[in-house]
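What follows is a short report on a single structure.
When reading the values below, keep in mind they use all heavy atoms of this one structure, side chains included, and skip hydrogens, waters and symmetry mates. Because the structure is predicted, anything quoted here is derived from the model rather than measured. So that the names make sense, note that chain A is the first sequence line, chain B the second, and so on, each numbered from 1.
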Amino acid sequence: MAAPFQLYNTLSRQIEDFVPLEEGKIRIYVCGMTVYDHCHVGHARAMVVFDAFVRYLRHRDWDVTFVRNFTDVDDKIINRANELGEDPLALAERYIEHFQSDAEGLGLISPDLEPRVSTSIQQIQDMIQDIIDNEHGYVADGNVWFSVGTFGEYGKLSGQKVDELRSADDASGKAHPADFALWKAVKPGEPSWDSPWGPGRPGWHIECSAMSCTHLGAHYDIHGGGLDLVFPHHENEVAQSEAANKEKFVNYWMHNGLLTMKSGQKMGKSLGNVINVHVALEEFPAETLRLYYLQNLYRSSLPWSGEALPEALAMLARLYDAREKAEAMGGSEDPERVAADLGEDAQQVLELGQAFEGRFYEAMDHDFSTGQALGYLFQLARAVNRFAGHKKAKKRGGPVVAPALQAFQTVADALQLMTMNTEDFHQEVKTKRLAALGVSAKEVENLLVERTQARTDKNWARADEIREILEAKKIAVMDTAEGVSWRVRLDAPSEG
RNA sequence: GGCGGCAUGGCCAAGUGGUAAGGCAGAGGACUGCAAAUCCUUUAUCCCCGGUUCGAAUCCGGGUGCCGCCUCCA
C-alpha cells in the first residue's frame, strides 16, 4: 500500500495531505534543463531533490510516472549557437550529452520519459490550436500570442496581478504587455517548423504544457521545478494548459529553493557565479553533493560556499565509518539478551535502530523533510559509534546493531546515500581529493613505507617528521592495530 | 511599485502550540609513542514590539533586515 504523506503546495501556500488522482499512482513532471550550457550545482540541487523524492515515493510503494524534459529549442540556445557558428539543435544535442554524463555522475535515476521540444512540435501545435479555438490565443504576423486577459484565473499560482506587473518594453505586436508567445514566427538564422500560422518555433512556456499533458494527461498530480520558475513560466503553463484543455492542470506545485552565495544572492548563470557539476564531481563523490542538498529542506534557499562540500564529505565519512563498525560486529544471540548483558549503550543502539524507520518515514512524509530525517540518522550513527567502543561489541554486538544496519539500508534505498561499500567510498575520496590537491598516491605510499620502518626502529623523531610532511600535504596518517592507513583531510580548500 | 519567501548558538540547520534534533568548527577530557578516528563534557533571553493561549521558535498584528520573482535562469 502506498503510504500517505503531506506536501507543501505552492498553489495554496500551505502543507496539504497528498491525494492522488488515481489510487496508488503519482504522475509527476519536472522542468528539466534548457540545454545551452553545462549543468551547475544549482541545477543539480533540483535534479537531486526530485530524484530523491521519486526514489522515496517508490520506496513507499507508490507507482510513480516521472517525466523530465529537455528544452532544446529556445532563444538562449539559438543565441549561443549563433555566437559559435553552430547549428542550434547540434549545440543542444551536445549539452544533452553533457547533461546525461552529469546525471550519471550524480547517480540520478532516469525519468520514465525525457521528451524534447524538437520532437514534440506536433503536440505543441495541437495545444496552440486548442488555445486559439477556445479563444484564449490570437495570431498576429505569424506569431501566436496567449491572451492573458481572457484567462480570469491568471495569477493564481504566483499571486501576481496582471495590472501590477512591471512590463518590459517590446514592440512585438502583442495586444497586452502581459501576453506571451505561444508560437514565434521564423527569423533569419533560427530553426523553424511549418505550422498553420506560418513557419516558426514554439514560445518558451508552451513546451512544458504540451509535453507534460501529452505524457501525463491534461490533469496530473505534481509539477516540480525551481522556485525561480514560478513566474512567469509555471503561471503561464497553468494558463495555457487550462485554456487548452478546459480542466484543472496540476494538483500540487512543488518548488525547490535556490542555491545562494555568501552574499545571499542566488547562484545563476546570468550572475556568472556558477560551479559546474562535472567540476564538483571531479573533486567529490556524488553522494557528497546529495548529502549537502538533502541536509536542508528542499524548498529553503541553500548557501553555497567553499566549505560546503568538504563539510558534507566529513559527514558522509562519519556515516560510512559507523556503518563499517556495525558491519564488523558478529554474534548470533538474541538481541534483547545481548543488550541486557552489554549495558545501556547496547540497549540504546538497539532501540534507536528499531525506532529509526518510523521516525524517518514520519519526517519524510511531512513535506519531504530530509534534514530532519537525516538528523535521526546521525543520532543512530553516534549510538553505533558509542556502542562500538565496548570490548565485547565486536564479538557479540551484531544482533543489537542489526536494526541500525537495516536503517542504513533504508536510507540507501530511499535517498541513494551510503550506497557504496566503505572501501570503495574511501578509495574514491582518496582518488578525487588527491587529484584536487595535486598529490600522488605513490609519494604518500613511499613516505609511509619509510615511516613504518622508522616506527619499527622506534625512531619516533623521523616518524613524526614524516607525519608532518604528510600533514602539510593534507594527508592524515592513522596507526591502527591492523597497520597504518591514511586519508586525505577534508578541510582542503575548494573553489567557492 | 507589485507578488512571494526567510530571520533559531561561531557557521550550516531541524523543529507539525507543551518547553530548543543533527552536522561542521572551537575548548577541555578519555584513548594514542605522537597523531587520526571515535566517545564524553561544553556554549541559545529562537530579529524587535505587541496580542491570542494555562502554555508560542511555532498562531495573529505591527516593525526591522535579508532574499527571490515581475527580463533569461533549477
Looking only at side chains, do A/Y154 and A/N236 share a donor and an acceptor under 3.5 Å apart?
yes
Quote, to the nearest angstrom, the C1' distance that separates B/C39 from B/U58.
34 Å
Any N or O donor-acceptor pair under 3.5 Å from the base of B/C34 to the side chain of A/D479?
yes
NA contact type, A/R13, heavy-atom cut-off 4.0 Å: base, sugar-phosphate, or nothing?
sugar-phosphate
Does the side chain of A/R487 come under 3.5 Å of the side chain of A/H426 through a donor N or O and an acceptor N or O?
yes
Whole angstrom value for the distance that separates C1' of B/G33 from CG of A/D457:
14 Å
If you check every side-chain atom of A/R455, which of B/G22, B/G33, B/A36 has the closest atom?
B/G33
Assign A/K458 to base, sugar-phosphate, or nothing according to its heavy-atom contacts below 4.0 angstrom with the strands shown.
nothing
What's the gap between B/A21 and B/A57 when it is taken at their C1' atoms, as a whole Å value?
14 Å
Mind checking whether A/Y29 and A/H223 have parallel, tilted or perpendicular rings, split at 30° and 60°?
tilted
Between B/U52 and B/G62 - C1' atom distance, rounded Å:
15 Å
Do we see a donor-acceptor contact under 3.5 Å between the side chains of A/S212 and A/Y220?
yes
For A/V230, which contact category applies under a 4.0 Å heavy-atom criterion: base, sugar-phosphate, or nothing?
nothing
So if I take every side-chain heavy atom of A/L165 and compare against B/G22, B/C70, B/C34, which nucleotide ends up nearest?
B/C70
Tell me what A/L227 touches on the nucleic acid: a base, only sugar-phosphate, or nothing, going by heavy atoms under 4.0 Å.
nothing
Could you tell me whether A/G226 contacts a base, only the sugar-phosphate backbone, or nothing, with contacts defined as non-hydrogen atoms closer than 4.0 Å?
sugar-phosphate
hbond_proxy A/Q379 side chain to B/G22 base (donor-acceptor, 3.5 Å cutoff)
no
Once you apply the 3.5 Å cut-off to both distances, tell me the Watson-Crick or G-U wobble partner of B/G17, or none.
none
Without decimals, in angstroms, what is the distance between A/L11 CG and B/G5 P?
13 Å
Among A/F18, A/F5, A/F368, A/Y8, find the residue that satisfies the ring pair (Phe, Tyr, Trp, His ring centres under 6.0 Å) test when tested with A/Y252.
A/F18
A/H43 NE2 to B/A74 P, straight-line distance once rounded to whole Å:
4 Å
Using atom CH2 of A/W253 as one end and atom C1' of B/G5 as the other, report the distance to the nearest whole Å.
18 Å
Note: A/K184-A/D74 ion pair, threshold 4.0 Å (strictly below):
no
Identified pairing partner of B/A57, criterion: Watson-Crick or G-U wobble below 3.5 Å
none
Using only heavy-atom distances, decide whether a donor-acceptor pair under 3.5 angstrom links the side-chain of A/R451 to the base of B/G33.
yes
Start at the 5' end of RNA chain B and walk down; is the nucleotide closest to A/G42 or to A/G375 reached first?
A/G375
So do the side chains of A/K187 and A/E190 get within less than 4.5 Å of each other, counting heavy atoms only?
yes
Applying a 4.0 Å non-hydrogen cut-off, can you work out what A/N385 is touching in the nucleic acid: base, sugar-phosphate, or nothing?
sugar-phosphate
Salt bridge flag under 4.0 Å for residues A/D321 and A/K325:
no
B/U41 -> Watson-Crick or G-U wobble partner, both distances under 3.5 Å, gives B/A27
Using Watson-Crick geometry (N1-N3 plus N6-O4 or O6-N4) or G-U wobble (N1-O2, O6-N3), each under 3.5 Å, B/U71 is paired with none
Using whole Å, report how far CG of A/L319 lies from C1' of B/U38.
14 Å
For A/H233 and B/C70, give me the distance from atom NE2 to atom P, rounded to whole Å.
13 Å
Can A/R451 and A/D464 be counted as an ion pair, charged N to O under 4.0 angstrom?
no
Could one point to a donor on the side chain of A/D464 or the base of B/G33 with an acceptor on the other under 3.5 Å away?
yes
Separation of B/A37 atom P from A/E482 atom CD, nearest Å, is 17 Å
Spacing of the C1' atoms in B/C6 and B/C48 (rounded, Å):
16 Å
Considering only atom P, compute the distance from B/G28 to B/G65 and round it to an integer number of Å.
41 Å
Among side-chain atoms of A/H366 and A/E362, is any donor-acceptor pair under 3.5 angstrom?
no
When you check the phosphate oxygens OP1 and OP2 of B/G22, does a side-chain N or O of A/R382 lie under 4.0 Å from one of them?
yes
B/C34 pairs with which nucleotide, Watson-Crick or G-U wobble, both distances below 3.5 Å?
none
Considering only the P atoms, how many Å lie between B/U42 and B/G50, rounded to the nearest integer?
33 Å
Just call it for A/R467: base, sugar-phosphate, or nothing, with non-hydrogen atoms closer than 4.0 Å on any strand.
base
Could you check whether A/Q160 gets within reach of a base, just the sugar-phosphate, or nothing at all, counting any heavy atom under 4.0 Å?
base
When you measure from the side-chain N and O atoms of A/R318 to the phosphate of B/C39, is any distance below 4.0 Å, counting only OP1 and OP2?
yes
Base, sugar-phosphate, or nothing for A/G224, non-hydrogen atoms under 4.0 angstrom?
nothing
Both distances below 3.5 Å, Watson-Crick or wobble geometry, any strand: find the nucleotide opposite B/U64.
B/A7
Using the C1' atom as the reference point in each nucleotide, state the distance between B/G26 and B/C12 in Å, no decimals.
15 Å
Could you tell me whether A/R382 sits above the aromatic face of A/F387, with NZ or CZ closer than 6.0 angstrom to the six-membered ring centre and within 45 degrees of the axis?
no
Euclidean distance for P, B/U43 against B/G22 (whole angstrom)
13 Å
By nearest-nucleotide position on RNA chain B, the 5'-leaning member of A/M315 and A/P232 is A/M315
What contact category does A/G389 fall into here, base, sugar-phosphate, or nothing, at under 4.0 angstrom with non-hydrogen atoms?
nothing
Rounded to whole Å, please give me the gap between CH2 in A/W304 and C1' in B/G68.
20 Å
Write down the protein N/O and nucleotide N/O pairs, taken from nucleotides 14-20 of chain B, whose separation is under 3.5 Å; answer none if there are no such pairs.
| from | atom 1 | to | atom 2 | distance (Å) |
| --- | --- | --- | --- | --- |
| B/G15 | OP1 | A/S369 | OG | 3.4 |
| B/U16 | O4 | A/Q372 | OE1 | 3.1 |

